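We count ligands from 1, going down the list as the structure has it; atoms in each ligand are counted the same way. Since the structure is predicted, the reported quantities are computational estimates derived from the model, not experimental observations.
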Amino acid sequence: METESGVPTPAPREKFAPEEAAPVREPQFWEIRYKNKDTGWDLGAAAPPLAEFFTKNNSSRPPARVLVPGCGRGHDALFLAKLGFDVVAVDFTNQALAALRHLRRNLWIPPEKCKTARADVLHLPARFHASFDLIVEETCFCAIDPTLRDLYVAMARDVLVPGGRIVALLYPFREGTEGPPFPMTEREVESRFGRDFEIEHCEIPGNSVEKRRGEERLFVMRRRGEPVVKA
Ligand SMILES: C[S@@+](CC[C@H](N)C(=O)[O-])C[C@H]1O[C@@H](n2cnc3c(N)ncnc32)[C@H](O)[C@@H]1O
């Protein structure tokens, strides 16, 4: 179409640009949110319930190998690396991982203490199989299309050694289906994870950030199966 002056007018903008219309399971959905600084989940630091858990808890100590799925800008991953864990932080957006690497440099954390991998957490490389003692997660499970949640559980089972644990700060526990963040219930978490994981602990943290207060749960789940005893 042209105006009277002969200057072409741009085609009317669609309500959503193609990348904004990408489904939540695609990296583009998240890339556009990083590009638009629409990242309200980002606390700018490790989540207080996770920070407290790892500062006080003796059962999960460095130098355990930790996977942080859907790591975003990496505040939890870098916090764990600073505590001495060997961390692999996974996300499928370039902007999240670039931000993590920038923060890692600023914090003087050696890259080998907090490695990054650009991958879909539901389809991790075979080399991740049985490679981790811990999974630490915050607002990744709720970012996954709910119809794919069983794939997430299967991933957790696959990458952990028998006896390995998930320490998950899950959110939001409320009614509804709209997301992300996609809501969940305690019963759903227990039933999805319960076959492969023993639920060791579930609490409503007292130190959630204000906007999540009462809607978070800190779960600790142990992968079933006996740990392999090294000779
Ligand atoms: C709500 S944000 C949480 C980020 C971070 N855990 C935090 O709490 O700051 C979800 C993150 O998971 C990533 N993500 C979502 N689905 C993913 C998938 N299937 N594979 C890898 N990363 C994924 C997104 O790119 C985004 O960085």
(message) Taking the six-membered ring for Trp, are Phe54 and Phe85 closer than 6.0 Å centroid to centroid?
(response) yes

(message) Tell me the protein heavy atom at minimum distance from atom 14 (N) of ligand 1, and give that distance in Å.
(response) Phe92 CE1, 3.6 Å

(request) Starting from atom 20 (N) of ligand 1, locate the nearest protein heavy atom and write down its residue, its atom name and how far away it is, to 0.1 Å. (result) Val121 N, 2.9 Å

(message) Hydrophobic clustering (ILVMFWY, side-chain heavy atoms < 4.5 Å, transitive) - are Met221 and Val161 grouped together?
(response) no

(request) Please report which non-hydrogen protein atom sits nearest to atom 19 (N) of ligand 1, along with the residue it belongs to and the distance in Å to one decimal place. (result) Asp120 OD1, 2.9 Å

(message) Contact between ligand 1 and Thr139 is defined here as a heavy atom of the residue under 4.0 Å from a ligand atom; is it met?
(response) yes

(message) Strictly by side-chain hydrogen bond (donor to acceptor under 3.5 Å, both in side chains), give each pair with a member in residues 176-186 just once, sequence neighbours left out.
(response) Glu186-Arg217

(request) Can you pull out the closest protein heavy atom to atom 4 (C) of ligand 1? Residue, atom name and distance to 0.1 Å, please. (result) Gly70 O, 3.4 Å

(request) State, with a plain yes or no, whether a side-chain heavy atom of Glu175 is found less than 4.5 Å away from one of Pro183. (result) no

(message) I'd like to check whether Glu138 has a polar contact with ligand 1, where a contact means an N/O of the residue lying under 3.5 Å from an N/O of the ligand.
(response) yes

(message) Between ligand 1 and Ala119, can you find any atom pair, the residue atom being a heavy atom, that is separated by under 4.0 Å?
(response) yes

(message) Tell me the protein heavy atom at minimum distance from atom 25 (O) of ligand 1, and give that distance in Å.
(response) Asp91 OD1, 2.6 Å

(message) Counting only nitrogen or oxygen atoms and a 3.5 angstrom limit, does Tyr34 reach ligand 1?
(response) yes

Counting only pairs under 3.5 Å, give me each side-chain donor-acceptor contact of residues 129-138, with atom names and distances, residues two or more places apart or in other chains.
from	atom 1	to	atom 2	distance (Å)
His129	ND1	Asp158	O	3.3
His129	ND1	Asp158	OD1	2.7
Ser131	OG	Arg127	O	3.0
Ser131	OG	Phe128	O	3.3
Ser131	OG	His129	O	3.1
Asp133	OD1	Arg65	NH2	3.1
Asp133	OD2	Arg65	N	2.8
Asp133	OD2	Arg65	NE	3.1
Glu137	OE1	Phe141	N	2.8
Glu137	OE1	Tyr152	OH	2.5
Glu137	OE2	Thr139	N	3.2
Glu137	OE2	Cys140	N	3.0
Glu137	OE2	Phe141	N	3.4
Glu138	OE2	Arg212	NH1	3.0
Glu138	OE2	Arg212	NH2	3.4

(request) Answer with yes or no whether the hydrophobic clustering places Tyr34 together with Phe92; edges join I, L, V, M, F, W, Y residues whose side-chain heavy atoms lie under 4.5 Å apart. (result) yes

(request) Could you tell me whether ligand 1 has any atom less than 4.0 Å away from a heavy atom of Cys71? (result) yes

(message) Please list the nearest protein heavy atom to atom 9 (O) of ligand 1 with its residue and the distance rounded to 0.1 Å.
(response) Trp41 CD1, 3.4 Å

